[in-house]
Amino acid sequence: MYSEDESVTLELGEFSPESEKEEKADLGFGLTSQLNNEIAGKMFEIGTTKAKEAFSIYGRIDILRPYFDVEPVQVQKRLISALIPEKLTGTTPVVVSELYGPLMVVLTLIAVMLAGMKNTGQTVQEGTLMGTALGTCFGYWLGASIFFFGLAYFCDTNLSPIEVLSLCGYGLFGTLLCMFLSTLLVSSASNLFFYATWGVLGVSSALRMGNIFLQRTAVRKQGVTVGAVVAVVHLLFILYLKFVYHKTYEAAAHINPR
């Protein structure tokens, strides 16, 4: 107990505004440094993710590179051989796993179709022309290849998907020549010239495709079936381009002339 005369003295630390400012500055610097570290880490994580995606895309492109690595001279020879059935030459059918030539054939066919439709004088918009031609040509190339591979799979035909895609693409070279000769080179109201090109170029390319499916099938009866279906579908597509697809725009030209 303390007596009344005794006094109790409490010593308090001195309050300084400068020390408070220093503490706030240290706290602000710590928060800023932490925020900078978090931002840098986030940016590094995003950059790493983007780099992985870029390497993944490059890896997928690199997988496709062997299918487009071909010399122009080889493409020229394969285009010529696509019109000559091996039965006539007595050679063994050769199927390549290459997509550069077929892709160029499809793109050229699209250009020929666009030029042919413009020659009819129709007034359909440019976007409609391009989209329809792209959809028709690429749709047939991919759709027919899937259909042919399905037949080959069920008939035990020894052809890979890439080989079927390449075979179907090179087979369109005959279609390309038929449409070019009958719509651009010779502009006649008669279909006689078209039937001549269809009977020579179209039939020869179709026979080559059918013969390859026949030769690659283990059971001959099944090979004849799948070969006949492939040839018929190929020939019907040429007729479709001439009398269904192309005639639609010719009719439009008579209705809406320039």
Side-chain angles (χ1 to χ4, degrees), residues 61-113 115 133-134 136-153 157-185 196-217 223 226-238 241:
I61 295 176
D62 196 57
I63 293 175
L64 297 176
R65 183 177 298 174
Y67 303 115
F68 293 90
D69 187 14
V70 61
E71 296 293 332
V73 177
Q74 293 178 330
V75 175
Q76 182 180 358
K77 293 180 180 179
R78 291 167 184 173
L79 289 174
I80 296 174
S81 64
L83 300 175
I84 305 174
E86 283 77 2
K87 281 288 186 180
L88 299 178
T89 59
T91 58
T92 303
V94 178
V95 183
V96 295
S97 298
E98 174 250 313
L99 299 178
Y100 175 78
L103 180 61
M104 293 299 104
V105 170
V106 174
L107 292 176
T108 307
L109 178 60
I110 292 172
V112 169
M113 292 173 60
L134 284 171
T136 302
C137 295
F138 276 103
Y140 172 78
W141 182 33
L142 298 176
S145 298
I146 295 174
F147 175 65
F148 294 160
F149 179 74
L151 288 177
Y153 178 80
T157 304
N158 186 21
L159 286 172
S160 67
I162 298 297
E163 289 177 337
V164 174
L165 201 62
S166 178
L167 181 62
C168 184
Y170 274 113
L172 287 174
F173 183 59
T175 305
L176 167 63
L177 293 180
C178 287
M179 299 305 298
F180 174 75
L181 295 175
S182 61
T183 60
L184 296 181
L185 193 61
T197 56
W198 180 78
V200 175
L201 299 174
V203 171
S204 62
S205 60
L207 288 177
R208 180 181 181 272
M209 293 175 59
N211 180 60
I212 290 177
F213 276 86
L214 172 61
Q215 297 296 328
R216 291 294 188 93
T217 306
V226 66
V229 171
V230 169
V232 169
V233 171
H234 181 74
L235 291 173
L236 288 178
F237 178 66
I238 304 177
L241 292 180

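Taking CG of Leu177 as the reference point, atom OG1 of Thr108 lies at 10.5 Å (rounded to 0.5 Å). The structure places CG of Leu214 at 11.0 Å from CG of Leu207, a figure rounded to the nearest 0.5 Å. Atom CG of residue Asn158 and atom CD of residue Glu163 lie 7.0 Å apart, to the nearest 0.5 angstrom. Here the OG1-CD1 distance, from Thr157 to Ile212, works out to 12.0 Å after rounding to the nearest 0.5 Å. To the nearest 0.5 Å, atoms CG (Leu165) and OG (Ser145) are separated by 4.5 Å. Atom CG in Leu159 sits 11.5 Å away from atom CG in Leu151 (nearest 0.5 Å).
A donor-acceptor pair under 3.5 Å is absent between the side-chain atoms of Gln76 and the main chain of Leu79, judged by distance alone. Judged by distance alone, with hydrogens and angles left aside, the side-chain atoms of Ser204 form a donor-acceptor pair with the main-chain N or O of Leu201 at under 3.5 Å. In terms of modelled atom types and a separation under 3.5 Å, the side chain of His234 and the main chain of Met209 share no donor-acceptor contact. Checked by atom type and distance alone, the side chain of Ser166 never pairs as donor or acceptor with a backbone atom of Ile162 at under 3.5 Å.
Cys137 and Met113 get closest at one heavy-atom pair: SG-SD, 3.2 Å. Smallest separation of non-hydrogen atoms from Ser160 and Ser97: OG-OG, 4.5 Å. For Cys178 against Gly202, the heavy-atom pair with the smallest separation is SG-N, 3.8 Å. Across all their heavy atoms, Gly174 and Leu83 have their closest contact at CA-CD2, 3.7 Å.
Between Phe180 and Thr175, every side-chain heavy-atom pair lies at or beyond the 4.5 Å cut-off. Glu98 places none of its side-chain heavy atoms less than 4.5 Å from the side chain of Asp69. Looking only at side-chain heavy atoms (C-beta outward), Phe68 and Leu103 come within less than 4.5 Å of each other. No side-chain heavy atom of Tyr170 sits less than 4.5 Å from a side-chain heavy atom of Val95. With a 4.5 Å cut-off on side-chain heavy atoms, Leu109 and Met179 count as touching. Put simply, the side chain of Phe173 does not reach to within 4.5 Å of the side chain of Ser205, judged on heavy atoms. Under the 4.5 Å side-chain criterion, counting only non-hydrogen atoms from C-beta, Thr136 is in contact with Leu241. By the 4.5 Å heavy-atom criterion applied to side chains, Arg78 and Val70 are counted as neighbours.
Within a 6.0 Å radius of OH in Tyr153, other residues, nucleotides and ligands contribute 12 heavy atoms or fewer. Other residues, nucleotides and ligands contribute only 12 or fewer heavy atoms inside 6.0 Å of the OH atom of Tyr100.
None of Trp198, Trp141, Phe147, Tyr140 except one satisfies the ring pair (Phe, Tyr, Trp, His ring centres under 6.0 Å) rule with Phe237; the exception is Tyr140.
Scanning for ring pair (Phe, Tyr, Trp, His ring centres under 6.0 Å) contacts around Phe149 gives an empty result, with sequence neighbours left out.
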* Would Phe148 and Leu167 count as a side chain to side chain contact (heavy atoms under 4.5 Å, CB included) if you check the C-alpha gap in whole Å, the side-chain angles of each, and the deciding distance to 0.1 Å? -> CA-CA 10 Å; Phe148 294 160; Leu167 181 62; over 6 Å; no
